[in-house]
Trainee: 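Handing you this structure, nothing more for now.
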Amino acid sequence: MALESFSALDFETATWNPASVCQVGIVRMENGEIVEKINRLIQPPKNEYFYKNIEVHGIKPEDTADAPLFEEVWFDFKHLIEDQVVVAHNANFDINCLRNSLAYYDIVQPDFEVRCTRVIYRRGLAYLSKKYKIQLNHHDAYSDAHACAQLYLMHLRRQALPKTGSLF
């Protein structure tokens with residue numbers, strides 16, 4: 001069964017500012033298989049953090065002090081976003097982070113299609129991961145992206161099933 005290809009994406013931020021990305025996780029799926037993985041720490045602007053964000057994901061300024069800036073890593077994963085289907089859990093947040101980070105570094109905004117597993121399933125990632133027995137280290141960008149990819153793949157497979165019912 002040929003499945004749609006997509007990139008599952010997740011960001012963690014250092015502050016309330018959506019351009020303060022401090023970690024990116026991406027899982028590239030092609031025909032139901034993982035073909036590429038990205039898990040990178042990113043130094044947010046001025047390496048500034050808000051303590052509440054640290055409490056959520058555990059990433060601290062010392063963890064990203066020597067990490068590359070967003071503008072340095074963007075070109076490592078641009079091909080996974082541009083002209084692709086991009087899936088995220090709570091896509092409004094992650095796409096906002098992507099768009100604001102690109103704008104902050106004056107990088108051209110790519111075209112892509114967005115899908116949101118939170119909209120599809122109407123539940124939180126931790127709940128869904130537990131329900132469907134998907135391993136999750138919540139608020140680790142790679143783990144969140146991986147769980148999102150598994151959920152979207154389940155959704156695609158459900159959509160591909162023949163509809164049952166009588167013709168009469």
Side-chain angles (χ1 to χ4, degrees), residues 1-45 53 56-57 59 64 67-126 128-129 132 134 136-161:
M1 156 173 59
L3 295 173
E4 183 178 352
S5 297
F6 62 90
S7 297
L9 169 73
D10 188 79
F11 287 112
E12 298 301 324
T13 57
T15 70
W16 56 268
N17 184 334
S20 71
V21 168
C22 60
Q23 186 188 24
V24 60
I26 302 175
V27 174
R28 178 69 186 167
M29 302 290 287
E30 292 184 7
N31 297 316
E33 300 294 325
I34 296 174
V35 296
E36 194 167 348
K37 305 173 191 177
I38 302 277
N39 183 10
R40 300 283 302 267
L41 288 176
I42 296 172
Q43 186 181 122
N53 293 61
V56 170
H57 50 59
I59 302 168
T64 56
L69 301 173
F70 182 90
E71 68 180 340
E72 297 172 281
V73 298
W74 164 244
F75 296 99
D76 293 343
F77 64 85
K78 175 184 175 185
H79 68 285
L80 301 174
I81 305 297
E82 191 169 39
D83 299 322
Q84 303 298 322
V85 171
V86 177
V87 182
H89 198 81
N90 191 11
N92 286 340
F93 173 82
D94 294 292
I95 300 307
N96 194 31
C97 290
L98 175 62
R99 293 200 186 284
N100 277 272
S101 295
L102 291 166
Y104 181 88
Y105 290 103
D106 200 27
I107 299 170
V108 175
Q109 300 279 333
D111 290 327
F112 54 90
E113 294 181 38
V114 178
R115 305 286 188 275
C116 181
T117 52
R118 186 173 183 89
V119 169
I120 293 167
Y121 288 93
R122 298 186 178 140
R123 293 293 204 146
L125 190 59
L128 293 167
S129 294
Y132 294 110
I134 298 170
L136 178 68
N137 177 14
H138 203 20
H139 298 298
D140 171 81
Y142 176 77
S143 184
D144 288 359
H146 186 267
C148 178
Q150 298 306 309
L151 289 168
Y152 192 64
L153 192 58
M154 286 175 16
H155 167 73
L156 290 175
R157 288 181 174 157
R158 276 199 321 255
Q159 297 298 313
L161 291 175

Trainee: Could you tell me whether a side-chain N or O of Tyr121 sits under 3.5 Å from a main-chain N or O of Leu151, the two making a donor and an acceptor?
Mentor: yes
Trainee: Only pairs at least two apart or in different chains count here, so list each ring-ring contact (aromatic ring centres under 6.0 Å, His included) that has a residue in residues 4-34.
Mentor: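 Pairs touching residues 4-34 that pass the test: Phe6-Tyr152.
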Trainee: Considering all heavy atoms of both residues, which atom of Pro44 and which atom of Ser20 are nearest to each other, and what is their separation?
Mentor: CB-O, 3.6 Å
Trainee: Is it the case that the side chain of His89 and the backbone of Ala8 share a donor-acceptor pair, with hydrogens and angles ignored and the cut-off at 3.5 Å?
Mentor: no
Trainee: With heavy-atom distances below 4.5 Å as the criterion, would you say the side chains of Ile34 and His146 are in contact?
Mentor: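 Sidechains of His146 and Ile34: in contact.
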Trainee: Given side chains that start at C-beta, do those of Arg28 and Phe77 come closer than 4.5 Å, heavy atoms only?
Mentor: no
Trainee: Measure the CG-CZ distance between Asn96 and Arg99 for me, rounded to the nearest 0.5 Å.
Mentor: 9.5 Å
Trainee: Starting at OG1 of Thr13, measure out to CG of Asn53 and round the result to the nearest 0.5 Å.
Mentor: 4.5 Å
Trainee: With a cut-off of 6.0 Å (strictly less than), are more than 12 heavy atoms of other residues, nucleotides or ligands near CG of Asp83?
Mentor: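 Enclosed.
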Trainee: How far apart are the closest heavy atoms of Ser7 and Leu80, and which atoms are they?
Mentor: OG-O, 2.6 Å
Trainee: Which pair of heavy atoms, one from Ile42 and one from Thr64, lies closest together, and at what distance?
Mentor: O-CG2, 3.4 Å
Trainee: Should Glu4 and Arg115 count as side-chain neighbours, where that means a heavy-atom distance under 4.5 Å?
Mentor: yes
Trainee: Considering all heavy atoms of both residues, which atom of Ser143 and which atom of Asn137 are nearest to each other, and what is their separation?
Mentor: OG-N, 2.7 Å
Trainee: Tell me, do Gln150 and Tyr132 make a side-chain contact under 4.5 Å, heavy atoms counted?
Mentor: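 The answer is no; the side chains never approach within 4.5 Å.
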Trainee: Is a side-chain N or O of His57 found less than 3.5 angstrom from the main chain of Glu12, in a donor-acceptor match?
Mentor: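 No: the side chain of His57 does not pair with the backbone of Glu12.
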Trainee: Would you call Phe112 and Leu98 a side-chain contact if the rule is heavy atoms closer than 4.5 Å?
Mentor: yes
Trainee: Please walk me through it: do Asp10 and Gln23 pass side chain to side chain donor-acceptor pair (under 3.5 Å)?
Mentor: CA-CA 8 Å; Asp10 188 79; Gln23 186 188 24; over 6 Å; no
Trainee: So, do Cys97 and Val24 sit near enough that their side-chain heavy atoms are less than 4.5 Å apart?
Mentor: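 Sidechains of Val24 and Cys97: no contact.
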Trainee: In the structure I gave you, are the side-chain heavy atoms of Leu102 and Val108 within less than 4.5 Å of one another anywhere?
Mentor: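 Of all side-chain heavy-atom pairs linking Val108 with Leu102, none is under 4.5 Å.
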Trainee: Rounded to the nearest 0.5 Å, what's the gap from CD1 on Ile120 to CZ on Arg158? Could you check?
Mentor: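 Spacing of CD1 (Ile120) from CZ (Arg158) equals 8.5 Å.
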Trainee: When rounded to the nearest 0.5 angstrom, what distance separates CG in Asp94 from CG in Asn92?
Mentor: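 Those atoms lie 9.5 Å apart.
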Trainee: Heavy atoms only: give me the nearest Ala103-Gln109 pair and the separation to one decimal.
Mentor: N-NE2, 3.7 Å
Trainee: Please report the interatomic distance CG(Asn100) to CD1(Ile95), rounded to the nearest 0.5 Å.
Mentor: 11.5 Å
Trainee: Show the nearest heavy-atom pair for residues Ser5 and Val85, with the distance to one decimal.
Mentor: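 Between these two residues, the closest heavy atoms are O-CB, 4.0 Å.
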Trainee: State the CG-CG distance between Leu153 and Asn31, to the nearest 0.5 angstrom.
Mentor: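 So the gap between those two atoms works out to 10.5 Å.
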Trainee: Mind checking whether Phe93 and Cys116 have side chains closer than 4.5 Å, heavy atoms only?
Mentor: no
